[in-house]
Amino acid sequence: MPLVSLRQLLDEAAKGGYGVGAFNVNNMEQIQGIMEAARATNSPVIVQASRGARSYAGDRFLYHLMLAAAEVYPEIPVALHQDHGNSPETCISAIDLGFTSVMMDGSLEADGKSVADYEYNVAVTREVAEYAHARGVTVEGELGTLGGIEDGVGSGEVHLTDPEQAHDIVERTGIDAIAVAIGTSHGAYKFSKKPDGQVLAMHLIEEIHRRLPDTHLVMHGSSSVPADLIERLNAAGGKMKPAFGVPVEEIQLGIRHGVRKVNVDTDGRLAITAAVREALLAKPEEFDPRHFTKASREGMREVVAERMVQFGQAGHAGDYEPLSLDQMKQTYAETAAGATS
Ligand SMILES: [Zn+2]
């Protein structure tokens, strides 16, 4: 199966009433772990790469690893998404490389740190949407800013999404999905104490979804940061401070109110580091690196499979025939023609 459109994958998730995890990757073991989890749970899947991942692995390596994933797991619809594109240039280079979806994060300026003004956001997002849709590629925008910093991205300031403005930016840019700031943060240290329910501004999710029933809502910073992973990591020589993520039940509540794409990065990082530390500690005499790279792949597979079941995407890989990007391009062209006539 070729890499598929994120738009179609999320449209199907909306029909089925489930969410789809978007998991970050930097190397072969993470991609294999995700694809094994998708096969075991029969899930459609979103694999995403940040700018940091693209520079770590190298564009060509990353892209060809993803082509291998699509070839080796033909029964799994998989979308390849650019996470937090900081400028139209980053998004356009991802599209030219073969990504089937891009995020233009115009909530921040191109430095990925300074909070941008609204008109700037609209302008860069529209520019990317025009380029992407002409090629059948999906676009995610962002409105509002999350707390926390990850992979060098983030202002550290929290500005919750304004539903009125969300409606306006979708209307003016034609984006397929919108990342909303509804109380989550990037990174492992999302909350200073264990969150007691009501983590998310659920009324905002409901209101944005009501105003934009055809635009898919995206939750960033949605790792759950499980206590047992931190315990394992620390028991094997790690030194992580106590950290609290978004409880899975809160994410499930979000999914029931219209969230379709759920970004998970930290949980994969924790699972891998815990597994590698344990493997090294268990066999200090071992010097074949496959001993711990294999453990890293297994750690990723486990946490991803668990999330796939929890988000509801499990069992849905075979629900539909993937549309080609050419077919998607056609659909975008027809929608645009319909809008102007
Ligand atoms: Zn994010």
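Note that ligands are numbered from 1 as they come in the structure, with each ligand's atoms numbered from 1 the same way.
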- Query: What residues form a ring-ring contact (aromatic ring centres under 6.0 Å, His included) with His81, not counting sequence neighbours?
  - Reply: none
- With sequence neighbours left out, write down each residue that passes salt bridge (charged side-chain N to carboxylate O under 4.0 Å, His left out) with Arg39, or none if nothing qualifies. Glu75
- Is the shortest distance from a Lys or Arg side-chain nitrogen in Arg7 or Glu12 to a carboxylate oxygen in the other one below 4.0 Å? no
- Protein N/O/S atoms closer than 2.8 Å to the Zn ion (ligand 1), ordered by chain and number, come to His84 NE2, His186 NE2, His220 ND1
- Task: Evaluate the ring planes of Phe311 and Phe23, with Trp represented by its six-membered ring, and classify them as parallel (under 30°), tilted (30 to 60°) or perpendicular (over 60°).
- Result: parallel
- Message: The criterion is ring-ring contact (aromatic ring centres under 6.0 Å, His included); which residues satisfy it with His216, sequence neighbours excluded?
- Response: none
- Message: Ignoring hydrogens and geometry beyond distance, is a side-chain donor-acceptor pair present between Asp105 and Ser107 at under 3.5 Å?
- Response: yes
